[in-house]
Amino acid sequence: MGLHARSLEIFAALEVLAPIRKASRTMRAVSVYGDKGFLFELDLTSLDAPYPWVLSCPQSDVEKALTERYRSLGGELIRGTELLDFTQDGAGVRARIRQGADVETVTCDLLVGADGASSTVRQQLGIGFNGVDYDEHFLLADVDWQGPWRSDSSHGFLQEDGLLIALPLPTGWRLIMARDEAWEGELSLQPFTDRLTPILGETPDLGEPRWISRFSVQRRLAHHYRRNRVFLAGDAAHVQSPLGAQGMNTGLADAFNLSWKLAFYLKGYGNGALLDSYEQERKPVADKMLHGVDMLSRASLVKLPMLRRTRDSLLKMAGGRPGLTRRLLRTASQLDVHYRQSPLVGCGPEAELGWRHRGPLPGDRLPDAALGSVRTGHLHQLHDLLRKPVHHLLLQLGESPGHKERLVLYALSDRLGQEYRERVHLTVVVARDTPVGEIPREGTIRIWRDHQGEFAAAFGEGPRMWLMRPDGHLAYRAPVSNANHLLEYLDTVLGRKGQ
Ligand SMILES: Cc1cc2nc3c(=O)[nH]c(=O)nc-3n(C[C@H](O)[C@H](O)[C@H](O)COP(=O)(O)OP(=O)(O)OC[C@H]3O[C@@H](n4cnc5c(N)ncnc54)[C@H](O)[C@@H]3O)c2cc1C
């Protein structure tokens, strides 16, 4: 249910944010209570991001919005089918699919196993999925009860009686509790009523559950995300405790990372490095996330009184340090996920120019900034301007662009237009007072002005070149004088296979 800031950017890029927001409740805070009452409140709105909150949206509504968008783009989605098994070789994948009583063999170039924690695809590939099971057993119920708490905040009770979490739904609450014994027999709301009574000082009338279920928690990571033509994404590749609300968010980002690479591959662009980079980029992200979520979960479930007291003191202290909570929040939001170690990202020989550490590094998520139209001054957000799912080359000119910068612009526009027309779009960014009269504006060149200095604050001063990938991460950065390096990079990563 919990959708973090980076996922909201992904939804905006996929043009599904509006229906998802409509089906959501906005969460602006997390309140945490220990044995002695209130510990701290985490302000979820302090992120420097276009969508600085967490949305609470049932996963069925997220899937509905994605399905409708996919179909509106001409995609076909067939439900009620089961992958039985598959084989692969140099020519492709042959998969046996069952629909009702019919079994059909489908041949395809590539296969993505997004088939959850018990993934048939992962098992048939023989890919290990090591990890641990948690000892605790969880009970979950969605209720229409209104509750006494502020409804734009989730509430976590880390107390002697066990963990209780209350998450606001678009209407009502989702309640989750944990205990050591399994939840046997018919499930009811009574354990929640019993647990809430001492917290509220009265017996709540929770009504009838809309949904009630039990679940257990594991932490596992697939040893590999790919074998030849077959890939794993989402829970098929990683499972974790739901505390911290990271699972679906991470799966979405897996898919966003993989999908443009698959599309390029199928269109005949790029080389093997493109598909190899999926595991190289996404597995370390899941590994780090699993460790963070494991720490959070174990701290929340700790039972020894002395450890609980220590934890509560630490949490109280952390809650009083806005710098620390902002860092934790940024990690949870997944805005800081980067692919700096990926062999697929790079930079020109920039170290000698002295700006190695200014602006985003190759692999980082591109920051957002307001840019104005050179004609009307009307402001737009950079992320919105770069919405099209292609690579975007941002040419950031200096205060007073000289002859050389204009030549580079001409040369790049010419070459990109000839060889990368559908794959790389060129956008020019000029400083607030840069005269634009002599800057060429032919073809598809778009010029935007850094009216408020937000671009320079996030990226540093020009002149520089920034190449953004379709998933919003920086593929390459270089000084403008290194246009040749950039073109070499494009040839290697995006050139036609076999060139
Ligand atoms: C209580 C709880 C709360 C959670 N809250 C959050 C949260 O707030 N935020 C968050 O980010 N994550 C949360 N998660 C985790 C999140 O639910 C999962 O990470 C997410 O659902 C994984 O999505 P998926 O598509 O990878 O896998 P799944 O949701 O498991 O979907 C896999 C699909 O594949 C299908 N399938 C399986 N085998 C086959 C086959 N052989 N052939 C055809 N189809 C097959 C299944 O039927 C299913 O539809 C929570 C989890 C739990 C248990």
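Just follow the structure's listing: the first ligand is 1, and inside any ligand the first atom is 1. What you are looking at is a predicted structure, and each value in this text was computed from that prediction instead of being measured. Only this structure's heavy atoms are used, side chains among them; waters, hydrogens and symmetry mates stay out.
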Discussion item. Can you confirm if the NZ or CZ of Arg122 lies within 45° of the ring axis of Phe129 and under 6.0 Å from the centre of its six-membered ring?
Written reply: yes
Item to complete: Drop me the distance from Tyr339's OH to Arg469's CZ, to the nearest 0.5 angstrom.
Response: 6.5 Å
Discussion item. So that I can tick it off, tell me whether Arg220 and Asp133 are bridged by a salt bridge, with the cut-off set at under 4.0 angstrom between side-chain N and carboxylate O.
Written reply: yes
Item to complete: Flag this pair as yes if the NZ/CZ of Arg282 is under 6.0 angstrom from the six-membered ring centre of Phe256 and inside a 45 degree cone about the axis; otherwise no.
Response: no
Item to complete: Measure from NZ or CZ of Arg226 to the centre of the six-membered ring of Tyr278, then state whether that distance is under 6.0 Å and the direction lies within 45° of the axis.
Response: no
Worksheet, complete the sentence: Heavy-atom contacts under 4.0 Å to ligand 1, chain-then-number order, include exactly Met1, Gly2, Gln59, Thr81, Glu82, Leu83, Ala114, Asp115, Gly116, Thr120, Leu140, Phe215, Gly234, Asp235, Pro242, Ala245, Gln246, Gly247, Met248, Asn249
Worksheet item: So with a 6.0 Å cut-off around NE2 of His380, is the heavy-atom count from everything else above 12?
Response: yes
